[in-house]
Protein chains: 2
Amino acid sequence: MTTPSSALALQRIALQQFATLGFAGASIGSIAQAAGLAKSSVLYHYASKEALLTAAVQPAVDALAAVVAGYPEGAGEEERERFVERFIDFLLEHRLAVHLFINQGQSLSGIPVLGRANALVQRFGELVAERIPSTADRIRFGVALGGAAYTLVAAANWSAGEVPETAEIRAALLDAVSSLLGQPARASAAP
Amino acid sequence: MTTPSSALALQRIALQQFATLGFAGASIGSIAQAAGLAKSSVLYHYASKEALLTAAVQPAVDALAAVVAGYPEGAGEEERERFVERFIDFLLEHRLAVHLFINQGQSLSGIPVLGRANALVQRFGELVAERIPSTADRIRFGVALGGAAYTLVAAANWSAGEVPETAEIRAALLDAVSSLLGQPARASAAP
DNA sequence: TGCCTGCCTGACCGATCGGACAGTTAGGCT
DNA sequence: AGCCTAACTGTCCGATCGGTCAGGCAGGCA
């Protein structure tokens, strides 16, 4: 009843190519070749290229919906810290899909699953903007979240040497994001 | 002798479509249509799609080279601050090209001008990493630069309401990036 | 007047794309 | 044995892609 493992492997490969080459740049044929299948076999499992993309990013959209739904109501310090932590974990787990949302979400908004992802991100931004109406603070928020998402996918390609382990990356991201969101803009000195 | 204005408009439109739709997703026909020309006319001005991309991003690559070349040798406070300012101004002026570098630089590294852009970004990162070898600090660097670049191009699409003026954005970006690069990681309390 | 040159265009070409379709296997069930 | 189904494949189709080519067309110059 659950999705068979072959289909899961196909989704992983497809997501990888969609994220790095773009939806238009990645062809069904190249995805099939990377999976060791014929083009027709990919279209046997998924009715269309769009359906394959939908299946590949659906888990990330659901996880994003859960994260946004868990945005803290109050202004408690611990609550907000835990939220940032959940968000970072979401980024770590679904980094390729997040990369796709950020870079192709607008041009692919006609595809329902990406339209939903866009709506979630927009609602996310509204939630934050509602609480911190200053432009400087909102840009801090954008730099923190966008920067974290970008760093995860792009830095690995450019870093010449070895790649640090996940736990270290997680801690470093938490440090950077907390330092941006921890205090209001232009008030670098804590009380 | 200088580039005629019609070619400049073509470069602007092409860069816009390359950045938002991806190099593979943007067709010469759609670029021509947006410019009010026929497809053949675009190929009259530029020998190939690749040549058009090169012409469109060349100024940004040159500007990036100048910025990287101006990386301060010493550790002076003012020097580094001025450098961050120059970098932010570069991002503001060439935001679309930067978006293209970040998101398609790897998959388009076969095109010479993007290979050069990749080398510049990598050298940029090495310059910084050489001085601050900690993973946390390097990720701070990535979040700051990637986040700033991302915020400039992506946030505008998602922000529901009005867009703040350039000067305000510039100040807010300077604030956020300086707060990330101003002091080492895990030392949020200034003396 | 004729001619040249820069800008632009439609018609056309081969390659590749997403997708439809008719098979062909291999394995389980009766 | 016969049969059914899931997984997979090669072949074909129309559309679109990047790119070539022969020519139209206006303006400057003789």
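Below, chain A is the first sequence line, B the second, and so on; all start at residue 1. Bear in mind the structure is a predicted one, so any value in this text is a computation, not a measurement.
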Can the ring centres of B/F124 and B/F87 be said to be less than 6.0 Å apart?
yes
Figure out the CG/P separation between A/L53 and C/dC17, and round it to whole Å.
17 Å
Can you check the A/L52 CG to C/dC17 C1' distance for me, whole Å?
15 Å
Distance, rounded to the nearest Å, where B/Y46 contributes OH and C/dC7 contributes C1'
14 Å
Taking CD from A/Q17 and P from C/dC17, how many angstroms apart are they, rounded to a whole number?
11 Å
Check DNA chain C against residues 22-39 of chain B and give the residues with a non-hydrogen atom under 4.0 Å, in numerical order.
B/L37, B/A38
B/S41 side chain, from C-beta outward: closest of D/dT20, C/dT9, C/dG19
C/dT9
Any donor-acceptor pair under 3.5 Å from A/N118 side chain to A/G105 backbone:
yes
If you measure from the Lys or Arg side-chain nitrogens to the Asp or Glu carboxylate oxygens, is any gap between A/R170 and A/D175 under 4.0 Å?
no
Ring centres under 6.0 angstrom apart (B/F23, B/F18):
yes
Among all residues two or more places apart in sequence or in another chain, which pass the side chain to side chain donor-acceptor pair (under 3.5 Å) test with A/R95?
none
From the candidates D/dG18, D/dC8, C/dT9, the one with an atom nearest any side-chain atom of B/K49 is D/dG18
Measuring from the side chain of A/S40 (C-beta onward, heavy atoms only), which nucleotide among D/dT11, D/dT20, C/dC8 has the closest atom?
D/dT11
Other residues, nucleotides and ligands only: do more than 12 of their heavy atoms fall within 6.0 Å of CD on A/E79?
yes
Write down the distance between CG (A/L43) and P (D/dA6), rounded to a whole number of angstrom.
18 Å
Would you kindly give the CZ-to-P distance between A/F18 and C/dC17, to the nearest whole Å?
13 Å
Rounded distance (Å) that lies between atom P of D/dG24 and atom OH of B/Y44:
17 Å
